[in-house]
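Worksheet for the structure shown next.
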Amino acid sequence: AERLRSHGVRCVSPKENPLFLSEAAAIVENLLQLSLEPTNRAFLRSLAFGPLFRLGRSELDDDEDNQLEHQIAALIDEFRQGLDELGVGASLLRLLSRPCERQRGERELILARLLRRQGGERLVTDLRHLSEVLHLAAVEEHLSKSAILKFLQEERARAKDAEEAEEYAV
């Protein structure tokens, strides 16, 4: 991957960042938590400030009629409903294809915004890969939404433990 990048070819390598320790895993964990607790404003604001929506605190604070929060809540509600109807993989990919309007009237697909940022290709690749892994686990093990979240949290903990063990071994 480094050699390709040195020649101007944009690419990502899975060895650079373990999937369950990635920013994508944190995003999906937050999405799943919010889908289980849709009225939890702290989860909603955390997601709004995070890499998926990248809203500034001032944008939310200046949004007197809470349009931005309502928009994000509607997107998460669609994600939550999709979990039951389509599964975690398709729901996540559908969410990425949705437009999000910012306070200044800018309307842009979530995916396009993610790809424009530094490391965006890596993040989108990880989100897609993670959506496949979670979907496969959910289908094979007949997991509920809460069980998918638990599976993800356990895999993240396992990956963190393995990373720490590797650091001590060096």
Side-chain angles (χ1 to χ4, degrees), residues 1-2 4-5 8-36 38 40-63 66-83 85-138 145 148-149 151-153 155-156 159-160:
E2 286 300 320
L4 289 172
R5 282 191 208 107
V9 177
R10 294 167 60 175
C11 66
V12 294
S13 169
K15 293 181 181 176
E16 293 171 2
N17 188 18
L19 182 63
F20 290 106
L21 296 178
S22 69
E23 185 177 35
I27 291 169
V28 173
E29 183 175 355
N30 200 336
L31 280 169
L32 290 168
Q33 287 173 323
L34 190 55
S35 72
L36 293 170
N40 187 321
R41 196 157 186 250
F43 285 153
L44 179 71
R45 290 180 71 83
S46 174
L47 194 64
F49 297 141
L52 201 57
F53 296 102
R54 297 193 88 147
L55 295 177
R57 206 169 287 284
S58 64
E59 284 182 278
L60 282 184
D61 292 344
D62 294 344
D63 186 26
N66 294 329
Q67 268 190 294
L68 293 172
E69 275 191 41
H70 291 306
Q71 177 186 200
I72 292 170
L75 287 167
I76 300 311
D77 190 50
E78 182 182 35
F79 173 78
R80 182 183 52 76
Q81 289 174 9
L83 287 172
E85 298 165 9
L86 307 169
V88 67
S91 296
L92 182 57
L93 296 178
R94 182 172 70 176
L95 175 65
L96 295 177
S97 72
R98 293 297 188 241
C100 186
E101 190 168 322
R102 301 188 70 103
Q103 193 173 22
R104 295 179 295 279
E106 302 166 16
R107 191 169 169 87
E108 180 177 38
L109 295 180
I110 294 169
L111 179 63
R113 187 174 332 112
L114 291 176
L115 287 171
R116 258 199 349 267
R117 64 171 264 203
Q118 178 81 23
E121 294 91 0
R122 170 83 270 160
L123 177 57
V124 170
T125 299
D126 285 348
L127 284 167
R128 294 187 77 180
H129 185 195
L130 188 60
S131 74
E132 293 169 3
V133 169
L134 293 176
H135 187 78
L136 196 60
K145 287 184 273 200
I148 295 168
L149 174 60
F151 172 84
L152 176 59
Q153 290 170 330
E155 289 299 319
R156 287 176 52 90
K160 185 176 182 187

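Just so you know, residue 1 is the first one in the sequence shown, and it goes up from there. Values below: all heavy atoms of this structure, side chains included; hydrogens, waters and symmetry mates excluded.
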Query raised in the report: Between Arg122 and Glu23, does at least one N-O distance fall below 4.0 Å, as a salt bridge requires?
Result: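 Here Arg122 does not pair with Glu23 in a salt bridge, since their nearest N and O are not under 4.0 Å apart.
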Query raised in the report: Are Leu123 and Arg117 close enough, and set up right, to give a side-chain contact (heavy atoms from CB on, under 4.5 Å), and what steps lead you there?
Result: CA-CA 10 Å; Leu123 177 57; Arg117 64 171 264 203; 3.3 Å; yes
[X] side chain near [Y] side chain, heavy-atom distance below 4.5 Å:
X	Y	result
Leu130	Leu152	yes
Asp126	Ile27	no
Leu34	Phe79	no

What pair of heavy atoms forms the shortest contact from [X] to [Y], and how long is it?
X	Y	result
Pro99	Arg107	CG-NH2, 3.3 Å
Arg94	Glu78	NH2-O, 3.0 Å
Leu83	Lys145	CD1-CD, 3.5 Å
Arg156	Ala25	NH1-CB, 3.0 Å
Leu109	Ser97	CD2-O, 3.1 Å
Ile110	Phe53	CD1-CE2, 3.7 Å

Query raised in the report: Checking Ser35 side chain against Leu32 main chain: does a donor-acceptor pair fall under 3.5 Å?
Result: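 Present.
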Query - His70 backbone acceptor or donor facing Asn66 side chain under 3.5 Å - result: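 No; judged by distance alone, with no hydrogens or angles, the pair does not exist.
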Just to verify, what does [X] make a side-chain contact (heavy atoms from CB on, under 4.5 Å) with, not counting sequence neighbours?
X	answer
Leu136	Glu140
Val124	Leu111, Leu114, Leu115, Arg128
Gln33	Glu29, Asn30, Phe43, Leu149, Gln153

Spacing of [X] atom [atom1] and [Y] atom [atom2] [to the nearest 0.5 Å]:
X	Y	atom1	atom2	answer
Glu132	Leu93	CD	CG	8.0 Å
Leu31	Ser131	CG	OG	11.5 Å
Leu127	Leu19	CG	CG	9.0 Å
Arg113	Leu96	CZ	CG	11.0 Å
Lys160	Glu155	NZ	CD	15.5 Å

Report task. Go through the steps to decide whether Leu134 and Leu92 satisfy the test side-chain contact (heavy atoms from CB on, under 4.5 Å), and finish with yes or no. Result -> CA-CA 10 Å; Leu134 293 176; Leu92 182 57; over 6 Å; no
Report task. Flag yes if more than 12 heavy atoms outside Gln67 fall under 6.0 Å of its CD atom; otherwise flag no. Result ->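 Open: at most 12 neighbouring heavy atoms sit under 6.0 Å from CD of Gln67.
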